[in-house]
Amino acid sequence: MMLMAIGLMSGTSLDGVDVALIETDGRRVTAFGPSGYRPYTESERNLLRQALYEAVDLPQRNARPGCLREAESVVTSAHAEAVAAFVAQHRIAFSDIDIVGFHGQTVLHRPERRLTVQIGDATALAKAIHIPVMHDFRAADVEAGGQGAPFVPVYHRALAQSLQREGPIVVVNIGGVSNITYIDGDTLIACDTGPGNALLDDHMFRIMNQRFDGEGRTAAQGRVDAAWIARALKLPFFALPPPKSLDRNDFASLKLGDMSPADGAATLTAFTAAAIARIVPLLPKEPKSWVVAGGGARNLTMLRMLRECLAPAAVQAADTLGWASDSIEAQAFGFLAARGLKGLPLSYPTTTGVPIPMTGGVIARP
């Protein structure tokens, strides 16, 4: 049975809420609907940054000390507004939507402590939008000993199967953190590879009061500090085989030192590309092609550096394939919600390190 599913995603870049509609049975996608976006205001974004800071020492996943309760309320309201605006704009009846996939906002990810925390009140959201909401996708995986991330690989596989091209194919999503999905026939491997846009975004905000490096223009004017990148790549994480995952702030302690804003942007952009390339020797076979999605796909300097690092493999932005790059993660959580409803696995030993394929998600009803 086909389901109409709305997926919602608020990523570690803290830019806003992505909304996407798909028609799916949880195994394949039969139709792509429209997508939408509700940006966070500057005050909301500042509150979420503070929430990330205050969540560092959370003792348990339901604790909401300090500003976290207020941040959770803001996240919930922003998602409710995003859905309401989306269905109104596209003249969609609430009754036509079978399920909403609500990821929430990750404020802490510590799988080694069997702890992952996404804030957002799914029950309040379901009541506000009058649609059942599937949420808490990662918890079961982490409790079973998995990494709880990345969770988009099953959706990447569904997209890649439609390409009918020779593998291995790797889909790389560059959000706050970068993650890859390696697809070669029935082989599905996934992991986080290192920083995505988080370090670069933080640098641009701190030094230039800009939220991100638009199209990579600042980085394009700078010089890469190759020695700094070489030192950073010696961190133990990069030698670990998949599956592995990261918290957004795991590399926040890396300091650039005395660099111009442009050199800093160039170096951090190159670091993201080099970290992605470091996964290649840890894969079963060298990929023939790479598809780049997420915010990093709009960074032309990032794409150029990836092509240099990953040659001779082909590297292309997801949009060039007709995929909605900015909406893929939102679409994925609609897809995962449908899979969760049908009891299908969301994660596998080769994607998160969980002992057995795991379903997941919890339903909140209006």
Legend entry - Partners meeting ring-ring contact (aromatic ring centres under 6.0 Å, His included) with F251 (sequence neighbours left out): F238
Inset, instruction - List in chain and number order the residues that pass salt bridge (charged side-chain N to carboxylate O under 4.0 Å, His left out) with R248, two or more places apart in sequence or in another chain; answer none if no residue qualifies. - result: D202
Inset, instruction - Return yes if a side-chain donor-acceptor contact under 3.5 Å exists between T350 and Y182, otherwise no. - result: no
Inset, instruction - Ignoring hydrogens and angles, tell me if any N or O in the side chain of S178 forms a donor-acceptor pair with the backbone of P195 under 3.5 Å. - result: yes
Inset, instruction - State which residues pass side chain to side chain donor-acceptor pair (under 3.5 Å) with S289; sequence neighbours excluded, sorted by chain then number. - result: R165
Legend entry - Residues R114 and D141 bridged, charged N to O under 4.0 Å: no
Inset, instruction - Check for a donor-acceptor pair, side chain of H203 on one end and backbone N or O of P261 on the other, with a separation under 3.5 Å. - result: yes
Inset, instruction - Starting from L47, walk the hydrophobic network (Ile, Leu, Val, Met, Phe, Trp, Tyr; side-chain heavy atoms closer than 4.5 Å) and list everyone else you reach, by chain and number. - result: V74
Inset, instruction - Quick one: list whatever passes ring-ring contact (aromatic ring centres under 6.0 Å, His included) with H90, sequence neighbours left out. - result: F86
Legend entry - Pairing residues for H79 by the ring-ring contact (aromatic ring centres under 6.0 Å, His included) criterion, not counting sequence neighbours: F102
Inset, instruction - Sequence neighbours left out, what passes salt bridge (charged side-chain N to carboxylate O under 4.0 Å, His left out) with E42? Give chain and number order. - result: R45, R49
Inset, instruction - Just jot down the ring-ring contact (aromatic ring centres under 6.0 Å, His included) partners of W228, sequence neighbours excluded, or say none. - result: F271
Legend entry - With Q147 via side chain to side chain donor-acceptor pair (under 3.5 Å) - residues at least two apart: S245
Legend entry - Same apolar cluster: L344 and L341, side chain cutoff 4.5 Å: no
Inset, instruction - Identify, with sequence neighbours excluded, every residue that meets salt bridge (charged side-chain N to carboxylate O under 4.0 Å, His left out) alongside D184. - result: K285
Inset, instruction - State plainly whether the residues E215 and R298 are in salt-bridge range, i.e. N to O under 4.0 Å. - result: no
Legend entry - Under the side chain to side chain donor-acceptor pair (under 3.5 Å) test, residues paired with S43 that sit two or more places apart: T41
Legend entry - Partners passing salt bridge (charged side-chain N to carboxylate O under 4.0 Å, His left out) against R28 (at least two apart in sequence or in another chain): D25
Inset, instruction - Hey, could you give me the CG/OG1 distance between D213 and T218, rounded to the nearest 0.5 Å? - result: 4.0 Å
Legend entry - R38/E44 salt bridge by N-O under 4.0 Å criterion: yes
Inset, instruction - First locate atom OG1 of T272, then atom CG of N299, and finally report the distance between them rounded to the nearest 0.5 Å. - result: 9.0 Å
Legend entry - Ring center gap for F137 and F151 short of 6.0 angstrom: no
